[in-house]
*Asks:* 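One structure, as structure tokens, below. Some questions next.
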Amino acid sequence: MSETQKKFYLTTPIYYVNARPHIGHAYTTIAADVIARRHRLLGDDTFFLTGTDEHGQKIERSAAAAGIPPQQFADQVSASFENLWKRMGITNNDFIRTTDARHKRGVQKLFTTLQANGAIYLDTYTGQYCISDEAYVDGPPGVVCPDCGNVTETVSESNYYFKLSEYGDRIAQLIESGQLNIQPDSRRNEVLSFVKGGLKDLSISRTSFKWGIPVPGDESHVIYVWLDALANYMTALGYGSDDPADIARFEKYWPADLHLVGKEIIRFHCVYWPAFLMAANLPLPKAITAHGWLLFEDSKMSKSRGNIVRTETILDAFATLKPKPVDLPGAVLSDEYWKHQQDLFASDVLRYFLLREIPFGQDGSFSFDALVQRYNSDLANGYGNLVSRTLSMITKRGGLITEDKIAALDPNFMANDVLSYSVIAQTIQETEFELEKLSFAAALSKILSLIAMADGYMTQYTPWKLVSSPDPIDQHKAEFILGSVARMIRIITALLYPVMPYATAKVWAQLGLGSIEEAASKGELKDLQWGGLKSGTKLGPLAPIFPRAPKELIQIMNDMEQPTAPQKPDQPVDLPHVNSDHDAAVLKPSAFREAPISSLSATPALNPIAQSIHPISAHHPQPIPAQAAAPATPDTPTIAIDDFVKIDLRVARIIVAERIPKADKLLRLEVDLGYEKRQILSGIAEWYTPEELIGRKIVVIANLAPRKMRGLESHGMLLAASHDDHGKPILATFAEDIALGSRLR
Ligand code: ME8
């Protein structure tokens, strides 16, 4: 790094490995890649980090559900992230895993530093405990367990606490002064009001699970997963290592110039992280930018909701358009090479779409329709069409960019031009400004205005007519117009490069300018000027850049996202979030989640041996006998239809299912009734794991009076059938689709 060269250190969140990546993860990674490429082309010594977050109860449980050890599970899922980024041509400089030895060492160093600086203390949590049900119960000593009626006992559990409460004023001051730059403003205000509301000390160790980094010197505790995870931003650079190369890298790049995150994890990055760093006497990150959520089917796309779209679907589908690669004479090109080219093409499409469609910082809906529509309008018909018709006309005339002779021949020619140099220069500046602010959609819309200007110019002067005119002046005019548009294409292409590095590389080569990567590294893509495409430049070989996408592609992608056969237990599956330490303090605007597609597909039909249908509350079911005897003929009293209609049976979907700490039999469910969401406690924990429940459509008695169990309100009951009072309750469900909230009659 030269003395004048700036460094730029940029990170994405490290993604949980409880499920494979979806386009929500790709969204952040793409945006970060665009930013990294832009900083590199500006000449900054850029370090771009991403990675995976692999510890915690959630991963431990996901691995258990998949029947494999957590490390093996984490290895598999982490590889699926790393491989996807490679497939997409993401230019991260490192990939950190929280199970890396370098990371563990750094986290333990951070913990001991915090301890040495007096920022950590050990404290004991004391509460009432029901030994019989193994559950905490709210209330004073001696309170009776509301579930089993036994008298509770007082128990104590010790945890390490971080003195977060001491940092509120300083954090508020840092945010207000702009030293800690939080974007967008709405997030900054949200964080400020949280901080000003008063900060409580934070428990930073756990004894309830093992899959984590042990507290140095007290291995019965593992370090709180967010302290573990946030430290990745430093451990990847070498924090905690004695190796001089690591120390030098850390000193060179730390602090981060920008942490890019999704809006739901802003509090961890803007409050906890700065507080940890201040307590460790380390410099704070300069900026944190939170983007909004990709929504699919009107709710946040997430693995736990099951409404995800996989990036691979888009890569595979757009690869079917088989964009022709630029013909490189003499090169021996393998199948893998072409396959990668197709991935890069499709990745560009996704990059463009996500950044153009959704104003960065806001939530935005994803749909395959919109993707194909925008691809066809902006890329195939817009940029791609401009490039191919202009460059093919030049190629037909010998392929040379010629000198500007027209001004001398006909001075009035440019007088009323659609193409205006000053507007172009101003648009370049405005685009740069929007990119600097990370307003990608606005920047792309400016670039589109340049494309529209070039199209308008072509329409104004119809060079395709001029080229066939016998008048030599017309020929010069045609040359000038085509040369001007080619010069505009160079500018448009340079501006688009960070967003679509692959497509622009093809256009750059077709313009006869060689490698765009090389141009970027030589600083030729910044401070763009009109004359960059010199006369005498010979165009390269041409090939279509963006073949038109047929409408069927939408269906193909929809089909690809349809539920498939249930996953084998030994594969990492898309397991839902279970309540975890990571989640415990998350500021989530919506706490509701839906099922992964895989678990929806596993919805069992009604059990053929189920003979009675009954609501499930907290009861104590017994195993189904191997040979279930036929149930006795019912001897229940007859009821009138009026009695039946009093029961309001509704279709609902389970959107959250989680165990209740220390309660073996109970699950806490959140169900979506279409018209409202509510909580139901159900005694089915012995029969169903939370993972297999989330997303299932069930039947709920909706008008049952609420009651309290273990201090939690349960409002409603699930319907299930079981062979007898002790058999496994099989949840009632539907073989055909039915809207949530529909009434059973
Ligand atoms: O939170 N829309 O990991 P995670 C937009 N391990 N972005 C989305 C998204 C969506 N629907 N879904 C995910 C974690 N993301 C922690 C982070 S960092 C020290 C630890 C993106 O796997 C977005 O960047 O849940 C979000 O913040 C991140 O993935 C969450 O990934």
Side-chain angles (χ1 to χ4, degrees), residues 6-15 28-29 31-36 38-39 44-51 53 92-94 96 98 103 106-107 109-110 113-114 117 119 162 164 167-192 194-195 199 202 226-240 246 249-291 360-361 436-438 587:
K6 277 198 300 185
K7 67 92 184 171
F8 189 78
Y9 178 37
L10 161 74
T11 66
T12 71
I14 48 169
Y15 305 112
T28 319
T29 308
D33 191 63
V34 172
I35 298 168
R38 185 171 128 72
H39 276 271
D44 295 344
D45 180 353
T46 305
F47 194 96
F48 163 23
L49 177 72
T50 189
D53 186 356
N92 52 302
N93 296 84
D94 200 350
I96 180 91
T98 56
H103 176 74
V107 170
K109 173 168 168 183
L110 181 60
T113 306
L114 295 176
N117 292 354
F162 172 73
L164 183 66
Y167 293 88
D169 291 347
R170 271 184 279 170
I171 292 173
Q173 194 272 328
L174 282 166
I175 298 173
E176 277 169 339
S177 70
Q179 274 171 280
L180 189 61
N181 176 9
I182 302 171
Q183 290 297 327
D185 283 350
S186 53
R187 300 285 153 231
R188 176 180 175 274
N189 297 341
E190 177 187 316
V191 172
L192 259 181
F194 172 69
V195 173
L199 298 177
L202 184 71
W226 272 100
L227 175 55
D228 169 347
L230 289 161
N232 90 86
Y233 301 134
M234 295 198 305
T235 61
L237 295 179
Y239 175 81
D246 291 336
R249 192 182 325 101
F250 180 69
E251 283 179 356
K252 177 170 163 188
Y253 289 109
W254 189 256
D257 294 271
L258 176 61
H259 290 314
L260 196 64
V261 298
K263 67 179 185 183
E264 80 289 356
I265 54 175
I266 197 93
R267 188 185 292 182
F268 299 100
H269 285 79
C270 300
V271 181
Y272 299 175
W273 184 222
F276 294 150
L277 290 169
M278 276 193 267
N281 293 323
L282 287 159
L284 307 191
K286 292 182 193 151
I288 297 146
T289 293
H291 61 68
F360 205 63
E436 187 59 38
K437 284 195 306 177
L438 311 187
L587 174 71

*Asks:* With rounding to the nearest 0.5 Å, note down the distance linking CG in Asn189 to CZ in Phe194.
*Replies:*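 The CG atom of Asn189 sits 15.0 Å away from the CZ atom of Phe194.
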*Asks:* Out of Asp33, Thr11, Thr12, which residue meets the side chain to side chain donor-acceptor pair (under 3.5 Å) rule with Thr50?
*Replies:*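 Running side chain to side chain donor-acceptor pair (under 3.5 Å) over Asp33, Thr11, Thr12 with Thr50 returns exactly one hit, Thr12.
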*Asks:* Please enumerate all residues that pass side-chain hydrogen bond (donor to acceptor under 3.5 Å, both in side chains) together with Thr98, with sequence neighbours excluded.
*Replies:*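 Result, side-chain hydrogen bond (donor to acceptor under 3.5 Å, both in side chains) vs Thr98: none returned.
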*Asks:* Please check this pair: side chain of Asp44 against backbone of Lys7, looking for a donor-acceptor N/O pair closer than 3.5 Å.
*Replies:*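 Here the side-chain-to-backbone pair does not exist.
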*Asks:* Without swapping roles, check the side chain of Trp254 against the backbone of Met234 for a donor-acceptor pair under 3.5 Å.
*Replies:*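 Judged by distance alone, no pair lies under 3.5 Å.
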*Asks:* Atom OG1 of Thr289 and atom NZ of Lys437: how far apart are they, to the nearest 0.5 Å?
*Replies:*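 One gets 12.5 Å once the value is rounded to the nearest 0.5 Å.
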*Asks:* Test side chain to side chain contact (heavy atoms under 4.5 Å, CB included) on Leu284 and Met278 and set out the steps.
*Replies:* CA-CA 7 Å; Leu284 307 191; Met278 276 193 267; 3.9 Å; yes
*Asks:* Between atom CG of Leu114 and atom CG of Leu227, what is the distance when rounded to the nearest 0.5 Å?
*Replies:*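 That separation rounds to 6.5 Å.
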*Asks:* Are Phe276 and Phe162 near enough that their ring centres are under 6.0 Å apart?
*Replies:*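 Ring centroids of Phe276 and Phe162 are less than 6.0 Å from each other.
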*Asks:* Checking Tyr9 against His39: is there a side-chain donor and acceptor pair closer than 3.5 Å?
*Replies:*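 The answer is no; no qualifying pair exists.
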*Asks:* side-chain contact (heavy atoms from CB on, under 4.5 Å) with His291: which residues, sequence neighbours excluded?
*Replies:*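 Tyr27, Thr28, Phe360.
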*Asks:* Under 3.5 Å, is there a donor-acceptor pair between the side chain of Asn93 and the main chain of Phe48?
*Replies:*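 Pair found, side chain donor or acceptor close to backbone of Phe48.
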*Asks:* Does Arg267 count as lying over the ring of Tyr272, i.e. NZ or CZ under 6.0 Å from the six-ring centre, within 45 degrees of the axis?
*Replies:*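 Cation-pi check for Arg267 and Tyr272: fails.
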*Asks:* Which of parallel (below 30°), tilted (30 to 60°) and perpendicular (above 60°) describes Phe47 and Tyr253?
*Replies:*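 Ring orientation, 0 to 90° scale: tilted.
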*Asks:* For a quick check under 3.5 Å, do Asp246 and Tyr239 share a side-chain donor-acceptor pair by atom type?
*Replies:*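 Result is no, nothing qualifies.
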*Asks:* Would you call the rings of Tyr233 and His269 parallel, tilted or perpendicular if under 30° counts as parallel and over 60° as perpendicular?
*Replies:*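 Answer is tilted, since the angle falls between 30° and 60°.
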*Asks:* I'd like to know if Asp257 and Lys286 make a salt bridge, using a cut-off of under 4.0 Å between side-chain N and carboxylate O.
*Replies:*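 Yes.
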*Asks:* Quick check: does any side chain N or O of Arg249 sit under 3.5 Å from a backbone N or O of Leu237, one acting as donor and the other as acceptor?
*Replies:*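 Indeed, once roles are kept as given, a pair shorter than 3.5 Å links the two residues.
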*Asks:* Under 4.0 Å between a side-chain nitrogen and a carboxylate oxygen: does that hold for Lys263 and Glu190?
*Replies:*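 So Lys263 does not pair with Glu190 through a salt bridge.
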*Asks:* Would you compute the distance between atom CG of Leu230 and atom CG of Leu277 and round it to the nearest 0.5 angstrom?
*Replies:*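 Going from CG on Leu230 over to CG on Leu277, the span is 8.5 Å.
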*Asks:* Show me, pair by pair, the donor-acceptor contacts under 3.5 angstrom made by side chains of residues 173-182, not counting sequence neighbours?
*Replies:*
| unit_1 | atom_1 | unit_2 | atom_2 | d |
| --- | --- | --- | --- | --- |
| Glu176 | OE2 | Lys196 | NZ | 2.5 |
| Ser177 | OG | Gln173 | O | 3.1 |
| Ser177 | OG | Leu174 | O | 3.1 |
| Ser177 | OG | Gln179 | N | 3.3 |
| Ser177 | OG | Gln179 | OE1 | 3.1 |
| Asn181 | OD1 | Gln183 | NE2 | 3.0 |

*Asks:* Apply side chain to side chain contact (heavy atoms under 4.5 Å, CB included) to Asp53 and Asn232, showing your working.
*Replies:* CA-CA 9 Å; Asp53 186 356; Asn232 90 86; over 6 Å; no
*Asks:* Can you name the closest pair of heavy atoms from Asp94 and Ala236 and give their distance?
*Replies:*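 Answer, listing the atom of Asp94 first, then Ala236: OD2-O, 3.6 Å.
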